[in-house]
Amino acid sequence: MTEATSPDAAGGKPDPTLRDGHHAARHSPGADQLRAYALIRARGRGKPRGGPALDARSGEFTTEATSPDAAVDKLIQIHDPTLRDGHHAVRHSLGADQLRAYALAADAAGVPVVEIGHGNGLGASSLQVGRARLSDDEMLSLTRDALTNSKLGVFMLPGWGTLADLENAIAHDVDLVRIGTHCTESSLAERHLGFLREQGIEAHAVLLMSHMATPDQLAEHCARLVEFGATGVGIMDSAGHYLPADVTERITAICGAVDVPVMFHGHNNLGMAVANSIAAAEAGASILDACARGFGAGAGNTQLEVLVPVLERVGYRTGIDLYRLLDAADVAERDLMPAPPTVDSISIVSGLAGVFSGFKTRVLDISAREGVDPRDVFFELGRRQAVAGQEDLIVDVALALRDAGTWDRS
């Protein structure tokens with residue numbers, strides 16, 4: 001038994017990395033690899049360095065099999081933002097053939113809503129957050145042509161997008177518009193939701209970075225969004241920060257405050273996206289977001305082709321054809337991404353720090369340029385409560401850390 005698998009390592013918890021990991025590497029790790037990992041584990045037995053202390057929280061998570069009160073045969077509507085949120089992972093570079101191929105596959109699988117656009121939504125293509133390879137017009141036109149069963153959805157953040165962008169989307173026969181705001185700034189959506197209501201367009205509203213507000217605050221803002229005209233409301237776990245108990249508390253509060261469908265959008269920074277989505281459904285959410293292969297910012301979103309069969313297994317209906325959904329996920333992996341997203345070390349830090357997952361690429365680029373530890377950048381961004389749209393703050397933080405000399409850990 002190695003140090004890494006010893007019950008005495010890592011605070012008494014066994015780590016089978018150097019045994020189970022052999023399966024993935026055809027039993028080929030060599031002596032230097034085994035030694036290197038064992039040394040890292042041994043050094044890590046003390047108090048971790050860098051980053052804030054974490055509060056220990058736990059919550060029970062029930063499923064159909066363990067809860068007699070779990071919903072049976074309830075319909076969950078899946079919204080698929082693969083062609084929007086996935087843009088964050090590839091610097092907004094998807095081309096026409098890629099969009100068309102996945103849209104056709106998702107449509108064939110019976111995915112109810114396919115959301116497309118720049119990662120930050122309508123009108124967001126810019127130097128600050130990245131220029132998209134295709135214009136909004138191009139993305140809307142080709143995806144509209146590809147979808148014969150699925151609804152065409154778009155996302156917009158007030159400030160990036162304008163009423164003119166909404167008018168343009170309507171001209172392309174968009175079926176559903178989501179307006180997003182920071183979790184405590186719902187008033188920014190009032191004008192846009194009112195306009196969409198006047199146009200007779202299905203309009204949902206979603207609160208970003210929702211871990212930065214209390215359940216009662218989220219419920220209050222969602223109720224306000226309904227007053228503005230939203231026909232569906234919900235929250236995004238933009239930083240992948242939640243555990244199932246966190247989701248349950250927030251979705252329960254929101255469902256108690258509104259009489260419209262409630263949605264949840266998860267990110268997988270802590271590996272909890274599917275579990276969190278199930279918790280949202282059990283708490284009353286009827287709309288869940290998920291992306292093929294988890295294609296999205298940071299560690300990715302809730303993985304669509306995993307979520308759907310798990311939902312079905314615990315008693316929910318989605319109306320999606322499993323085999324065709326798996327085919328669509330294969331198309332996504334082959335055509336859209338260099339590799340599926342993984343829960344890597346930086347993504348974990350982003351989730352723990354509560355920082356927007358879409359910051360990952362820029363944090364890595366700027367940290368490398370300035371010679372600072374990207375983990376320190378993320379924790380400092382979390383301390384400053386940075387939100388989406390504040391990408392310039394990444395530079396400020398990196399420069400401050402560089403000038404303070406915190407990159408020198410010797």
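Keep in mind that the numbers below use all heavy atoms, side chains included, and drop hydrogens, waters and symmetry copies. Numbers here are sequence positions counted from 1.
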Q) Do E312 and T318 have side-chain N/O donor and acceptor atoms under 3.5 Å apart? A) yes
Q: Would you indicate whether the side-chain heavy atoms of V206 and V233 approach each other to under 4.5 Å?
A: no
Q: Could you grab the distance from atom CD of Q217 to atom CE of M212, nearest 0.5 Å is fine?
A: 11.0 Å
(Q) So, taking the atom named CZ in R91 and the one named CG in D365, what distance separates them when rounded to the nearest 0.5 Å? (A) 4.5 Å
(Q) Between R383 and E380 (salt bridge meaning N to carboxylate O under 4.0 Å), is one present in this structure? (A) yes
Q) Any side-chain heavy atom of V355 sitting closer than 4.5 Å to one from V377? A) no
Q: With the side chain counted from C-beta on, respond yes when I348 and L352 share a heavy-atom pair under 4.5 Å apart, and no when they do not.
A: yes
Q) Are E391 and R362 ion-paired here, with the side-chain N under 4.0 Å from a carboxylate O? A) no
Q) Between S135 and E138, does a side chain to side chain donor-acceptor pair (under 3.5 Å) hold up when you go through it step by step? A) CA-CA 5 Å; S135 68; E138 290 171 311; 3.3 Å; yes
Q: Verify whether one side chain among T82 and D80 offers a donor that lies under 3.5 Å from an acceptor in the other.
A: yes
Q) Just how far is it from atom CZ of R334 to atom CZ of R293, taken to the nearest 0.5 Å? A) 10.5 Å
Q.
Tell me if a side-chain donor or acceptor on E370 pairs with a main-chain N or O of S367 at a distance below 3.5 Å.
A. no
Q: Look at the aromatic rings of F356 and F359 and report parallel, tilted or perpendicular, splitting at 30° and 60°.
A: perpendicular
Q) Can you tell me if H211 and D237 form a side-chain donor-acceptor pair at under 3.5 Å? A) no
(Q) Looking at R100, I want to see if its CZ is surrounded by more than 12 non-hydrogen atoms of other residues, nucleotides or ligands under 6.0 Å. (A) yes
Q. What distance separates H192 NE2 from F195 CZ, expressed to the nearest 0.5 Å?
A. 9.5 Å
(Q) For a quick test of reading the model, state the closest non-hydrogen atom pair linking G354 to A239 and the distance between them. (A) C-CB, 3.4 Å
Q: Would you sort out whether R250 and D216 count as a salt bridge (charged side-chain N to carboxylate O under 4.0 Å, His left out), showing the intermediate values?
A: CA-CA 8 Å; R250 284 155 177 80; D216 287 343; over 6 Å; no
Q. Side chains of D289 and N301: do they bring a donor and an acceptor to under 3.5 Å?
A. no
Q. Any side-chain donor-acceptor pair under 3.5 Å between T302 and S277?
A. yes
Q. Think R84 forms a cation-pi with F155, using NZ or CZ under 6.0 Å from the six-ring centre and within 45 degrees of its axis?
A. yes
Q) Do the side-chain N and O atoms of R178 and H79 include a donor-acceptor pair separated by under 3.5 angstrom? A) yes
Q: Give the C-alpha distance, both sets of side-chain angles, the deciding distance and a yes or no for salt bridge (charged side-chain N to carboxylate O under 4.0 Å, His left out) between D373 and R402.
A: CA-CA 9 Å; D373 191 326; R402 183 198 68 186; over 6 Å; no
Q. Would the number of heavy atoms belonging to other residues, nucleotides or ligands and lying under 6.0 Å from CZ of R369 be above 12?
A. yes
Q: State, yes or no, whether a side-chain contact exists between H265 and P81 at a heavy-atom distance under 4.5 Å.
A: yes
Q. Just wondering, do V363 and I346 contact through their side chains at under 4.5 Å, heavy atoms?
A. no
Q: Could you check I278, N276, L311, L304 and say which one makes a side chain to side chain contact (heavy atoms under 4.5 Å, CB included) with L288?
A: L311
Q | I235 and I251, any side-chain heavy atoms less than 4.5 Å apart | A | yes
Q: Verify the distance criterion only: is there a donor paired with an acceptor across the side chains of H241 and D246 at less than 3.5 Å?
A: no
Q. Can you check whether I78 reaches V308 side chain to side chain, under 4.5 Å on heavy atoms?
A. yes
Q. Yes or no on side chain to side chain donor-acceptor pair (under 3.5 Å) for D137 and N168, after CA distance, side-chain angles and deciding distance?
A. CA-CA 8 Å; D137 279 329; N168 186 52; 2.7 Å; yes
Q. So, do D85 and F295 sit near enough that their side-chain heavy atoms are less than 4.5 Å apart?
A. no
(Q) To the nearest 0.5 Å, what is the distance between CZ on F378 and OG on S347? (A) 7.5 Å
Q | Lys/Arg N to Asp/Glu carboxylate O, E202 vs K151, below 4.0 Å | A | yes
Q) Do you know the tightest heavy-atom contact between K74 and A281? A) NZ-O, 3.9 Å
Q. When rounded to the nearest 0.5 angstrom, what is the spacing between OG in S141 and CG in L99?
A. 11.5 Å
